[in-house]
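Below: one structure, written as structure tokens.
In this text, all values refer to a predicted model and were calculated from it rather than measured experimentally. Numbers here simply count residues along the sequence, with the first being 1.
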Amino acid sequence: MTEDETSNNFNSPSQPLLSKPPYSMDEPPLLSSSTPDTEIIESDENQYPIITFNYDSRNYQDLPFSILFFLFLLSTFAFGIFSIFHRNPNSSSSDFSSFTYNFNTSSCVKIKSPPPSASSFLVTVLDDFKFNQISLVGLGFGSLSSSHVLKDLILTLVITLVLSGPFALGLLWLLRHYTKQIIYSSIPFFVAIPIFFNVYWFVACTVNSKCSDAFPLVYRILALLFVFVIIGVIVWIIVVNWHRIELTVRIVGVASDALARNLGLFAVLPCLTIGLVIYYVPIVVFLVFSLKNGKILPHVDNEGSYTCVWKQDSWVPAYYALAILTMLWSAAVMVEAQVFLISGTIAQWYFSEEESMPMRSIRCSLRNAFGPSFGTVCFSGLLIAAVRIVRAAVDSARREDALPGIVNLALRCCVNALLSAVDFLNKFTINFAAITGEAYCSSAKMTYELLKRNLLSAVFVETVSTRILAGTVFVLSAIYAIMVCAILKAVSDLEVEVYFVAVIAGLLLIVVLGFFVHVLDNVIETVYVCFAIDRDKGEVFKQEVHDVYVHLPISRNHTRTPLIV
């Protein structure tokens, strides 16, 4: 093979565009390229399939996991319906406390009592639903100030919820057209707002006699210094990553433009979340009624006297475990289904021609997510739910010191390594499955090979853009909370409670804008995978994306070994 033929092979569309030839194009190769090793390498390069968006009818993938999910779901609803019809009408504490032991029958019998009054009926209802710790004083005779706090809180939250939609769309418009100005102007507030709140609470607590008595000066100074140390760490992180900000700004701008061209996602994604909440309602009802399944049985205490106690049926704890696992798995499935929907919709936009926008792309992605690829979504959701459960168990064991120190440390290291491997496996897998319709394991393998062939890494996009967007959301929510506090102080009679209402309003806005950041982050990851597919095939579907993503750093873990041919 001549030098010109070798050069053409490295520039052919079948080769990844980010791959570099093993020698300079101005220098001749070291040896002849007719060795068997070269033929093996060339055959390995040509065995990878061509990857593109699958518009055709897709095959059903990972069916065992979708069947297992439906078995969990049907079992939860079947036993839940059984618990409703099998409940004991005397399950409330006010009912079984009226039972007494009958020595003639050796069982518990109910003592006849007069019809309950209105007040006792209210107590019974509250007791049935496990509201034992609620004080009845505030139900009708609460203080006037408490009613004002509740009224102002509800009104503020409703206004915040109504305004959060326009806020999210406005933020998307700003990030699309003024990305650099928004991000660079937000970065100083990453430090300024924590400093303001830190100094404000210190001064306010020092001036207030009750706060200063409850919180001594030494502890206030220690808390003040601790927060300043955290702020110093934030400053250090910003300085270390400052050289990456410019590229992150351009990546966020490209993703904002892609999301703005698919605004229908903002209507479908909240509907899916509301659907999950509605789906949870009957399961919660089943859990409440399952507690009413049991019997009132006699019990002999240490003194030899007989009393009547409530004993739950043995299947109730198992049903609780089943229902909670089903709810956790369902939540993870819904999260992965939303990622699938975002990825499929954005990928159809990416691989479409500039003049023609894809029609019914959201409907197509929904059909794939809850149709042929539902097993893949369930498999991914099962992994995510398992990771969350294991992490919660490890954290719980660490807090309770259930294991010795060295054993606990070794277990945490092993579990963290395993969970990191699962996170690495799951990264970009659903995005790839939404594009190609492959099964979960095939998608994970093909995604890794795709990124490896093109020397790409996911670390840069994930760690920088997500943090900057989260910081921007925090800044906007903090400014909104300060505005709410100022308005409430001017128009309401609230005193200290105004800070509580403002904080709750700010947290609600953080939740809504955080969901927007989650969607935008998934768009960034989907565009990243589409860019890798483009580079792998030697095509350019979106030139503006290539102009930005081509500057991403090459993954050193995937660099090729130079060929000595």
Side-chain angles (χ1 to χ4, degrees), residues 60-99 107-108 110 124-134 271-299 308-338 369-371 373-393 396 440:
Y60 283 85
Q61 306 288 354
D62 298 310
L63 275 177
F65 294 97
S66 59
I67 295 174
L68 182 62
F69 177 78
F70 281 117
L71 285 178
F72 268 71
L73 181 61
L74 292 176
S75 301
T76 301
F77 274 77
F79 281 102
I81 295 173
F82 171 79
S83 68
I84 294 178
F85 290 98
H86 190 258
R87 71 184 186 277
N88 192 330
N90 300 315
S91 58
S92 62
S93 61
S94 59
D95 286 335
F96 73 77
S97 61
S98 62
F99 278 73
S107 61
C108 293
K110 188 173 184 179
T124 303
V125 171
L126 292 175
D127 185 64
D128 260 354
F129 285 92
K130 305 300 179 183
F131 291 152
N132 297 322
Q133 298 180 353
I134 295 181
C271 291
L272 291 177
T273 304
I274 295 173
L276 178 65
V277 174
I278 297 174
Y279 159 82
Y280 274 164
V281 170
I283 300 181
V284 174
V285 173
F286 296 152
L287 290 175
V288 172
F289 277 97
S290 66
L291 295 175
K292 299 176 179 294
N293 286 259
K295 299 179 180 64
I296 299 175
L297 300 176
H299 174 72
C308 294
V309 296
W310 171 259
K311 182 175 178 58
Q312 275 186 348
D313 290 342
S314 58
W315 60 269
V316 173
Y319 176 72
Y320 249 75
L322 173 66
I324 292 175
L325 288 177
T326 302
M327 294 176 71
L328 291 176
W329 193 1
S330 300
V333 166
M334 182 56 67
V335 171
E336 295 303 296
Q338 290 179 344
F370 294 98
S373 296
F374 186 69
T376 304
V377 173
C378 291
F379 189 11
S380 179
L382 180 62
L383 289 177
I384 296 298
V387 167
R388 299 294 185 268
I389 293 174
V390 172
R391 279 180 176 167
S396 177
Y440 184 88

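Within the 4.5 Å cutoff, side-chain heavy atoms of Ile274 are placed close to those of Ile278. Inter-residue side-chain proximity for Ile283 and Met327 is flagged as met; some heavy-atom pair is nearer than 4.5 Å. You'll find the side chain of Thr273 reaches within 4.5 Å of the side chain of Gln338, heavy atoms only.
Applying the salt bridge (charged side-chain N to carboxylate O under 4.0 Å, His left out) test to pairs two or more places apart or on separate chains, those with a residue in residues 308-329 are Lys295-Asp313.
Of the possible polar contacts, one joining the Trp329 side chain to the Cys378 backbone as a donor-acceptor pair under 3.5 Å is found. A donor-acceptor pair under 3.5 Å is absent between the side-chain atoms of Tyr440 and the main chain of Val377, judged by distance alone.
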As a quick check of understanding, evaluate side-chain contact (heavy atoms from CB on, under 4.5 Å) for Asp62 and Phe374, giving each step before the final call. CA-CA 8 Å; Asp62 298 310; Phe374 186 69; over 6 Å; no

Evaluate side-chain contact (heavy atoms from CB on, under 4.5 Å) for Ile384 paired with Val333, printing each intermediate quantity in order. CA-CA 9 Å; Ile384 296 298; Val333 166; over 6 Å; no

Kindly list each side-chain donor-acceptor pair under 3.5 angstrom involving residues 64-71, sequence neighbours excluded, with atom names and distances?
from	atom 1	to	atom 2	distance (Å)
Ser66	OG	Leu63	O	2.7

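The side-chain contact (heavy atoms from CB on, under 4.5 Å) test applied to Pro282 returns Phe77, Phe286, not counting sequence neighbours.
Residue-environment remark: OH (Tyr60) stays at or below the threshold of 12 foreign heavy atoms within 6.0 Å.
Pairing each heavy atom of Ser290 with each of Tyr320, the nearest pair is OG-CE1, 3.3 Å.
When ring centroids are compared, Phe82 and Trp315 come within the 6.0 Å threshold.
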